[in-house]
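Notes to accompany the following structure.
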Amino acid sequence: NAGVTQTPKFQVLKTGQSMTLQCAQDMNHNSMYWYRQDPGMGLRLIYYSASEGTTDKGEVPNGYNVSRLNKREFSLRLESAAPSQTSVYFCASSDLGKSRNGYTFGSGTRLTVV
Amino acid sequence: AQKITQTQPGMFVQEKEAVTLDCTYDTSDPSYGLFWYKQPSSGEMIFLIYQGSYDQQNATEGRYSLNFQKARKSANLVISASQLGDSAMYFCAMRKQGGSEKLVFGKGTKLTVNP
């Protein structure tokens with residue numbers, strides 16, 4: 001089915017370990033986003049990519065890096081994981097200019113840093 | 001900067017009754033869009049309804065309607081004839097039209113529908 005695919009769905013890391021969260025969309029959307037969701041905080045934007053080849057910081061970028069590999073793929077990397085990065089991470093995509101359409105979200109990655 | 005405020009951490013409603021979830025926003029942009037998303041306990045984010053700042057009429061999608069009061073900067077979600085499956089977190093979000101079209105989310109309201 002068309003949509004946004006995130007991998008992995010669950011991950012446990014030790015403090016200081018690194019990992020990359022993968023995201024791919026097959027909707028031919030231009031824009032892609034990474035959010036984190038923490039209890040009582042809603043969703044906060046980490047990084048986004050308005051189009052292939054561009055990335056920009058969101059509200060909470062510290063401790064993360066991203067790569068827009070091509071139009072389909074947008075990865076999020078934690079270089080040295082910290083317990084404060086324990087969260088649920090969502091990738092999303094949207095089609096610039098089609099404003100009435102909401103984002104399409106992936107199913108999320110639940111990350112625990114111990 | 002854009003900001004979304006949802007003042008109700010939790011709401012309860014009886015099955016088959018209507019419920020209103022509050023959302024106020026702050027922006028200086030003249031052109032913007034307002035969204036509501038549902039997040040059931042399974043965790044996925046489900047798009048419910050959209051309202052554009054220049055739309056003349058309030059948006060409706062089935063049992064969902066958006067009570068848009070531009071002068072008051074409010075965009076409340078009304079769910080009619082509540083069902084047990086409506087129990088979920090509900091997020092209000094806003095984005096400036098044009099540019100990167102980033103979505104800014106509120107902190108959410110947890111709705112519980114009682115039988």
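Quick note on labels: first sequence line is chain A, next is B, and so on, each numbered from 1.
- Shown here for B/Y37 and A/Y103, the closest heavy-atom pair between the two residues is OH-N, 2.7 Å.
- Under the 4.5 Å side-chain heavy-atom criterion for grouping Ile, Leu, Val, Met, Phe, Trp and Tyr, A/Y33 is not connected to A/Y64 through any hydrophobic cluster.
- With a 4.5 angstrom heavy-atom cutoff, A/L43 touches chain B via backbone and side-chain atoms both.
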Let me have the donor-acceptor pairs involving side chains of residues 105-115 of chain B, under 3.5 Å, with sequence neighbours excluded, atom names and distances please.
from: B/T109; atom 1: OG1; to: B/Q8; atom 2: O; distance (Å): 2.7

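- The stretch residues 70-80 of chain A places none of its residues near chain B, where near means some heavy atom under 4.5 Å from a heavy atom of that chain.
- The two atoms that bring A/Y35 and B/K102 nearest to each other are OH-C, 4.4 Å, heavy atoms only.
- Heavy atoms closer than 4.5 Å to chain B are found in the side chain of A/Q37, but not in its backbone.
- Using a 4.5 Å cut-off between side-chain heavy atoms of Ile, Leu, Val, Met, Phe, Trp and Tyr, with links allowed through other members, A/L45 and A/V60 fall into different hydrophobic clusters.
- Residues of residues 6-18 of chain A lying within less than 4.5 angstrom of chain B, judged on heavy atoms, are absent.
- Atom CG of B/L103 and atom CZ of A/F105 lie 6.5 Å apart (nearest 0.5 Å).
- In the hydrophobic clustering of this structure, B/I79 groups with B/M11; members are Ile, Leu, Val, Met, Phe, Trp, Tyr whose side-chain heavy atoms approach within less than 4.5 Å, directly or through other members.
- Under a hydrophobic-cluster definition in which Ile, Leu, Val, Met, Phe, Trp and Tyr are linked whenever side-chain heavy atoms come within less than 4.5 Å, directly or via other members, B/L66 and B/I4 are assigned to the same cluster.
- Under the side chain to side chain contact (heavy atoms under 4.5 Å, CB included) criterion, A/V4 pairs with A/C23, A/Q25, A/C91, A/S93, A/T104, sequence neighbours left out.
- Contact annotation for B/Q51: neither backbone nor side-chain heavy atoms come within less than 4.5 Å of a heavy atom of chain A.
- Criterion: ILVMFWY side-chain heavy atoms under 4.5 Å apart, direct or through other members. Under it, A/V88 and B/V104 are not part of a common hydrophobic cluster.
- Within 6.0 Å of CZ in A/R110 there are 12 or fewer heavy atoms belonging to other residues, nucleotides or ligands.
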